[in-house]
Amino acid sequence: MVSMTSEIAYLENIIALLPGHIYWKDRNGIFLGCNDEQAKFIGLKSRHDVKGLTALTTLPKDFAEEIMRIDQGIIESGIPQTVEETLTLPNGQNSYWLSKKVPLRDTDGKIIGLLGISLDITEKRHLAEELIKTKTRLDGMTLLGASIAHELRTPFASLNVTAKTLETKINNLAKKTELPEENITSLQHDVSSIKKEVKASLTFIDMLLMNINPTINEAKIEDFSMRHCITDALERFPFVGKQHELVIWDEKKNPDFIVHGEQLLLIHVFFNLLKNSLYYIAKARKGNIDISIKDHAVYFKDTGTGIEKEHLPHIFKRFFSKTYHGAGIGLTFCQWVMDNLGGEITCESEEGHYTLFILRFPNNI
Amino acid sequence: MNALKIGLCYYPTTTVLVDDNDDFLDRISKLLKEHLIPCRYYSDPIDALDFLNKEYVTDPFTNRCISTTKDRDIDTVVSHFDFRKIHHEIYNPNRFEQISVLAIDYAMPTLHGLDFCRKAEEPFSQRLIFTGEAGHSLAVEAFNEGSIHKFLRKGEVNLPDLLLDDIRKLEQDYFNKLSEIALHKASRDLYKHTPDCLRDPVFVELLHKICEKNNVVEYYLLDEHGSFLMLDEKGIPSWLIVKSDKDMQDVYEYAKDQGAPKDILKLLKERIKVPYFHTDKDWKIGFDQEECRQYFHPAVDLKGNQTYFYSYITDPDAYELERSKIVSLRRYFQGK
């Protein structure tokens, strides 16, 4: 049989080591006891030294008064409470506490004090605040995106239609009139450059909206050829000047595989990768883009500036951007798409030499 | 039976555009005009609906293709669909004003595009909706219930080309719909023969190629065998004469019965020439008459679901028409 003394010592030990901050007080708010963590927090060497102290003697005045007020309420009403308390630390930073307090009763049921447990939730709170900030920023961008869609798309659509009308007019004119051919050719050239600019703008608006608010259109999920998808993306990407000459891709020389998903999303993944690579090639004033397929994966490599070692782990994070124009949403979008396809995107880079994105797809066949 | 790949005829019809954005409306209407697509446009959907439901009269070509004959056996007048009347539509100056397509903006403040389409009473019109964004669930619902036939995103990179293509396709659907109804009625009449070539993709491809190459903007079925009268934008006629192998055999046997000269019989038997007689007067000319020979044309064979023999004739006066009465598409646009 275990002796009474060793039983008590055993329980004492458990109380001392309980996690969180545990304390119990009498009706006047005078500490009757606490665990080690609480003792340490209020600067005591031993938890037994807490007896006789009050919140007022151990904590900043404002905070202590607030605690006394809450405690008194519980003792008078007999109703347990869960409260969030904010404590300003001597260094000026706030710490946040989640406390559950219950009334202590004697054998007759009379309230003789209270028992409390408090948990430090400062870190969780910071995380939540960060999340709210991110969400606010995201909501802001989505709203901005939606207004771009309405405010910019329609005028661009009008311009697009006007360019087509002009083109038809010029072609009809060319058939009928005796205008010198060089005049007609020059007009045709001007109109086709307007058309090209308009198409580029519309594509970039699409890209921006897609990156901000990616959604899967269930109706558009299909089996498609990876090779065709890459060729299609390259045909549709609004290259400027001779940029398209920087891309090395030969559909016939690469093995093909079938992907099950929404093709448009993957086309936008390539749009993002192309846009990034072209930026870093321009910055490095050298390099090209090499796309190839091997073992159910697409290798998208550019030999532009490469990525600094310390930045590499962060490139897929939202709002992380190292370009002056970047919002830091493009690669996050790429990762989201690849996740949804059941694949993954990874990046290898050597600063000054190359950046390689590897898009791996599930092999279900 | 296969669905019709082309209608009994085609001519440019009116597209009604409705969009509260005046600029967009203006640009689209100019584009359509440049491509000789008749159009009416409204920036207020209520005005457009008023016009459609109160002012506009649906009067399709099929209304004018009914002939009556007296059946002597039962002594009653029977009406039937008359293929030979379809091309009389070329003399109808109002044909271009028939409405085939409603192209409506999705989000308008006074009346929603989908509600507009539900309220528009025109029974044969095909409806296209312009959307800002793809994938509205409401839109999908409307598509499923059949009040919408096409969606087009305004932000689409190839919007102008897509819109022109869509309008052409929807116009075709409009004519197909009218034609299916007419043929369905005709099949109950005594005249059961309907041209199979209208359901044959190989033939339809040939017809479209001829139209494109020769700037044909209107075509009309001339008989139950598949011959067409074609007009370009100036109203200048050309003729696509078509007969199936079976039709050729029938003509051959008819000619033999009529005692046609041997060389004519040889041309028919060996399918070297394909004949077409346009008017009753043409039919009455004997095979032995010299002027009959002008209605025999060098035949080209085409293998589709069956073998056809055709000839495309660019001589506008090959057959009799009242050319001065034709209102051409060009003249219609100049008169506006």
Side-chain angles (χ1 to χ4, degrees), chain A residues 142 145-173 175-176 191 194-210 212-221 232 235-238 262 264-265 267 271, chain B residues 15 17 19-37 39 41 43 103 105-109 130-137 139-141 143-144 151-168 214-215 217 232-234 329-330 333:
Chain A
T142 309
S147 77
I148 287 173
H150 283 104
E151 299 306 321
L152 281 183
R153 264 189 179 159
T154 307
F156 271 115
S158 291
L159 203 56
N160 202 2
V161 173
T162 307
K164 174 73 190 178
T165 310
L166 267 175
E167 187 187 58
T168 313
K169 253 194 181 128
I170 294 166
N171 291 344
N172 287 343
L173 216 64
K175 273 184 236 158
K176 280 176 209 159
V191 171
I194 295 175
K195 274 176 82 175
K196 206 177 140 200
E197 294 295 335
V198 170
K199 284 182 183 182
S201 307
L202 284 166
T203 308
F204 279 127
I205 292 173
D206 274 353
M207 252 176 96
L208 182 63
L209 287 174
M210 186 76 94
I212 292 169
N213 193 15
T215 43
I216 296 175
N217 189 347
E218 294 290 340
K220 291 203 172 149
I221 290 178
D232 199 20
E235 272 167 15
R236 286 167 59 178
F237 186 81
E262 190 182 339
L264 185 66
L265 290 177
I267 284 175
F271 281 180
Chain B
T15 292
L17 284 172
D19 195 312
D20 60 309
N21 183 319
D22 280 307
D23 282 341
F24 187 69
L25 199 61
D26 177 63
R27 307 297 153 84
I28 295 278
S29 64
K30 287 205 171 95
L31 175 74
L32 299 193
K33 195 180 158 199
E34 203 57 43
H35 286 260
L36 296 178
I37 298 173
C39 124
Y41 50 96
S43 58
D105 186 35
Y106 182 79
M108 292 180 291
F130 288 114
T131 58
E133 269 306 307
H136 293 287
S137 59
V140 172
E141 197 182 298
F143 193 81
N144 290 339
F151 284 101
L152 192 52
R153 273 179 61 224
K154 270 191 190 172
E156 202 69 65
V157 170
N158 293 320
L159 176 76
D161 291 315
L162 290 173
L163 177 65
L164 292 171
D165 278 359
D166 282 345
I167 289 180
R168 297 294 191 207
N214 300 283
N215 300 315
V217 295
D232 69 8
E233 62 182 57
K234 288 180 192 137
L329 182 64
R330 184 56 67 193
F333 269 93

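For the numbers below, each heavy atom of this structure counts, side chains included, while hydrogens, waters and symmetry mates do not. Remember, it's a predicted structure, so these values are computed and weren't measured experimentally.
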query: Quick one: what part of B:L164 sits under 4.5 Å from any heavy atom of chain A, side chain, backbone, both or neither?
result: side chain
- request: Find the distance between NZ (A:K164) and CG (B:L162) and round it off to the nearest 0.5 Å.
  value: 10.5 Å
query: salt bridge (Lys or Arg N to Asp or Glu O under 4.0 Å) with B:E34: which residues, sequence neighbours excluded?
result: A:K169
query: Does the side chain of B:I28 reach to within under 4.5 Å of the side chain of B:D19, using non-hydrogen atoms?
result: no
field: Partners meeting ring-ring contact (aromatic ring centres under 6.0 Å, His included) with B:F24 (sequence neighbours left out)
entry: B:F130
- prompt: So, are A:D206 and A:R236 salt-bridged, with charged N and O less than 4.0 Å apart?
  reply: no
Heavy-atom contacts under 4.5 Å, residues 197-204 of chain A to chain B: A:K199, A:L202, A:T203
- prompt: With sequence neighbours left out, what residues match B:D26 under salt bridge (Lys or Arg N to Asp or Glu O under 4.0 Å)?
  reply: B:K30
